[in-house]
Trainee: 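Mind looking over this structure? Questions follow.
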Amino acid sequence: MLFSTFIVLYLFLGGCVAGLMLVTALRGILFRRGLRLHHGSVLNGARSGIWNGDLDGLTWAADFEHYSGRCYVLALVLCLASCSCLVFDLGSPYKAFLLFTHPAFTAITVGAYVLTAALLLLCVLSASHFILSSRGPSSLRPRWVRRIAELLAVPVAVALMGYTGLFLALVDSVPLWNTPWTVVLFVLSAISAGCALSSLVQALSNSGIRLSAAAEKVSAAGRMSARGAAAIASPRRLHVAVILLEVAGLGAFALRTLTRPEAAAARSVALLTSEPLVGWLALGVLCLGLLVPLVAEVACICRGGQHHIPPADLACLLGCFLLRYCLVAAGVH
């Protein structure tokens with residue numbers, strides 16, 4: 001391979017960080033905007049009896065805040081792991097330090113700065129979750145630090161997932177990578193990984209059923225639209241749309257690669273259609289990474305959206321990793 005396995009892990013973990021940060025931040029922004037009534041905040045609404053005395057909204061808010069905090073902590077851990085992979089690939093921490101003291105306009109330098117920005121934002125979001133949650137009910141009131149950090153997390157996450165694709169797409173000497181469809185695939189794959197990680201956090205923390213049940217009550221009471229409440233409770237519909245777009249993007253990428261006249265592109269196609277890459281591409285990417293999570297998400301939506309299938313989420317993550325591995329392994333000058 002032209003790049004080491006550390007780079008493959010660096011790109012995969014970076015995509016996971018970006019996807020999870022984007023999904024969690026968007027759900028947090030929609031959540032706080034959706035439950036902000038004309039009577040005041042969620043807390044004030046609970047105090048004035050807007051929640052019909054049962055505090056469904058306040059309970060939902062507490063569950064959601066704990067869930068989003070776990071997501072940010074997981075994203076922080078994955079971000080640190082991604083930074084470690086970059087350091088291991090460079091060979092020494094000193095070389096990584098040079099990316100900041102003697103920067104050059106290269107893909108890996110830009111990525112290091114974007115990853116650092118994501119790391120700082122995740123530190124703020126994780127710390128604010130633990131600090132505010134320790135103060136009792138008052139922590140449910142949106143604080144300006146967390147609100148600004150979540151707003152900044154959206155463009156930073158988009159930049160990070162775009163960078164993971166540009167890292168390969170800017171290599172002019174490799175026709176397989178040198179196409180805008182590489183960026184499209186990596187962005188969609190990162191969002192898919194973020195949805196899978198988000199579902200895993202909900203499943204492992206047992207908050208998925210509580211969030212879905214509270215969403216139904218809030219929607220039934222007219223405090224939020226049914227679609228808005230469902231989108232906040234679970235990103236299943238988003239995941240289904242992203243998977244379908246990823247299938248279309250993969251088809252466009254394959255068509256672009258097959259029609260390229262360069263000999264290197266033909267050699268890359270030969271590698272992708274021979275063992276072992278063809279097996280990993282068919283079984284890992286197409287089956288585990290796309291088909292299994294698509295069927296699982298549609299089945300959960302049909303059953304009311306309150307169930308989680310962790311093996312399907314793990315299969316999705318494995319498919320996201322194998323997509324990057326196969327593309328890197330098939331890169332030929």
Trainee: Quick one: does T24's side chain have a donor or acceptor within less than 3.5 Å of a partner on M21's backbone?
Mentor: no
Trainee: Could you tell me if the ring centre of Y10 sits under 6.0 Å from that of F88?
Mentor: no
Trainee: Kindly say whether A112 contributes a backbone atom to a donor-acceptor pair with the side chain of T116 at under 3.5 angstrom?
Mentor: yes
Trainee: Under the 3.5 angstrom rule, does the side chain of N178 hit a backbone N or O of A169 as a donor-acceptor pair?
Mentor: yes
Trainee: Output the distance between atom CG (L314) and atom CD1 (I309), rounded to the nearest 0.5 Å.
Mentor: 12.0 Å
Trainee: Which donor-acceptor pairs under 3.5 Å do side chains of residues 276-300 form with protein atoms, sequence neighbours excluded?
Mentor:
| from | atom 1 | to | atom 2 | distance (Å) |
| --- | --- | --- | --- | --- |
| E297 | OE1 | R236 | NH1 | 2.7 |
| E297 | OE2 | H239 | ND1 | 2.7 |

Trainee: Quick one: do F12 and F6 end up in the same hydrophobic cluster if we chain Ile, Leu, Val, Met, Phe, Trp and Tyr together by side-chain heavy atoms under 4.5 Å apart?
Mentor: no
Trainee: Looking only at heavy atoms, what is the nearest atom pair of S4 and D89, with distance?
Mentor: OG-OD1, 2.5 Å
Trainee: Please report the shortest heavy-atom distance between R324 and A190, naming the atom on each side.
Mentor: NH2-N, 3.8 Å
Trainee: Would you check if L122 and V17 make a side-chain contact, meaning some heavy-atom pair closer than 4.5 Å?
Mentor: yes
Trainee: Check whether any side-chain heavy atom of P310 lies under 4.5 Å from a side-chain heavy atom of L204, and answer yes or no.
Mentor: no
Trainee: Just wondering, do V124 and V145 contact through their side chains at under 4.5 Å, heavy atoms?
Mentor: yes
Trainee: Hydrophobic clusters here meaning ILVMFWY residues chained together by side-chain heavy-atom distances under 4.5 Å, can you tell me if Y113 and V110 are in one?
Mentor: yes
Trainee: Between F321 and L9, is there a side-chain heavy-atom distance shorter than 4.5 Å?
Mentor: yes
Trainee: Ring centroids only, cut at 6.0 angstrom: are W181 and F186 within range, meaning strictly under it?
Mentor: no
Trainee: Working to the nearest 0.5 Å, report the span between CG of L22 and CZ of R27.
Mentor: 11.5 Å
Trainee: Who else is in the cluster with V269 when I, L, V, M, F, W and Y are joined by side-chain contacts under 4.5 Å?
Mentor: L258
Trainee: Any chance you could measure L176, atom CG, to L168, atom CG, to the nearest 0.5 Å?
Mentor: 9.0 Å
Trainee: Looking at side-chain heavy atoms only, is the closest gap between V328 and I7 below 4.5 Å?
Mentor: no
Trainee: Do L120 and V73 sit in one hydrophobic cluster, given that two such residues count as connected whenever their side-chain heavy atoms are within less than 4.5 Å of each other, even indirectly?
Mentor: no
Trainee: Is there a side-chain contact (heavy atoms from CB on, under 4.5 Å) between S192 and C316 once you walk through the steps?
Mentor: CA-CA 8 Å; S192 179; C316 179; 3.1 Å; yes
Trainee: When you compare the side chain of C79 with that of L115, does any pair of heavy atoms fall below 4.5 Å?
Mentor: yes
Trainee: Where is the tightest heavy-atom contact between E262 and P175, given as atom of each residue plus distance?
Mentor: CB-CG, 3.8 Å
Trainee: Let me confirm one number: the CG-CG distance from L185 to L245, rounded to the nearest 0.5 Å.
Mentor: 11.0 Å
Trainee: Can you find a side-chain donor-acceptor pair between R260 and T179 that sits under 3.5 Å?
Mentor: no
Trainee: Just how far is it from atom CG of L86 to atom OG of S82, taken to the nearest 0.5 Å?
Mentor: 7.5 Å
Trainee: Is it true that a side-chain atom of T164 and a backbone atom of M161 form a donor plus acceptor pair closer than 3.5 Å?
Mentor: yes
Trainee: For the CD1 atom of I191 and the SG atom of C16, what is their distance to the nearest 0.5 Å?
Mentor: 12.5 Å
Trainee: Between L327 and F253, is a side-chain contact (heavy atoms from CB on, under 4.5 Å) present by the stated rule, with each step listed?
Mentor: CA-CA 11 Å; L327 290 183; F253 177 85; 3.7 Å; yes
Trainee: Side-chain contact test, heavy atoms from C-beta onward, threshold under 4.5 Å: evaluate it for L160 versus Y163 and give yes or no.
Mentor: yes
Trainee: Identify the heavy atoms of L76 and S126 that sit nearest to each other, and give their distance.
Mentor: CD2-OG, 4.0 Å
Trainee: Donor-acceptor check, side chain of S268 to backbone of A330, threshold 3.5 angstrom: yes or no?
Mentor: yes
Trainee: Answer yes or no: is there a side-chain heavy-atom contact under 4.5 Å between L78 and L197?
Mentor: yes
Trainee: Under 3.5 Å, side-chain donor or acceptor atoms of residues 148-159 against the rest of the protein: list the pairs with distances, not counting sequence neighbours.
Mentor:
| from | atom 1 | to | atom 2 | distance (Å) |
| --- | --- | --- | --- | --- |
| E150 | OE1 | R32 | NH1 | 2.7 |
| E150 | OE2 | R32 | NH1 | 3.3 |
| E150 | OE2 | Y72 | OH | 2.9 |

Trainee: Could you walk me through whether F3 and F167 pass ring pair (Phe, Tyr, Trp, His ring centres under 6.0 Å), step by step?
Mentor: CA-CA 11 Å; F3 293 119; F167 184 89; 5.2 Å; yes
Trainee: So E246 and L323, side-chain contact (heavy atoms from CB on, under 4.5 Å) or not? Walk me through it.
Mentor: CA-CA 11 Å; E246 193 175 354; L323 172 66; 4.0 Å; yes
Trainee: Side chains of Y67 and S198 only: does a donor on one sit below 3.5 Å from an acceptor on the other?
Mentor: yes
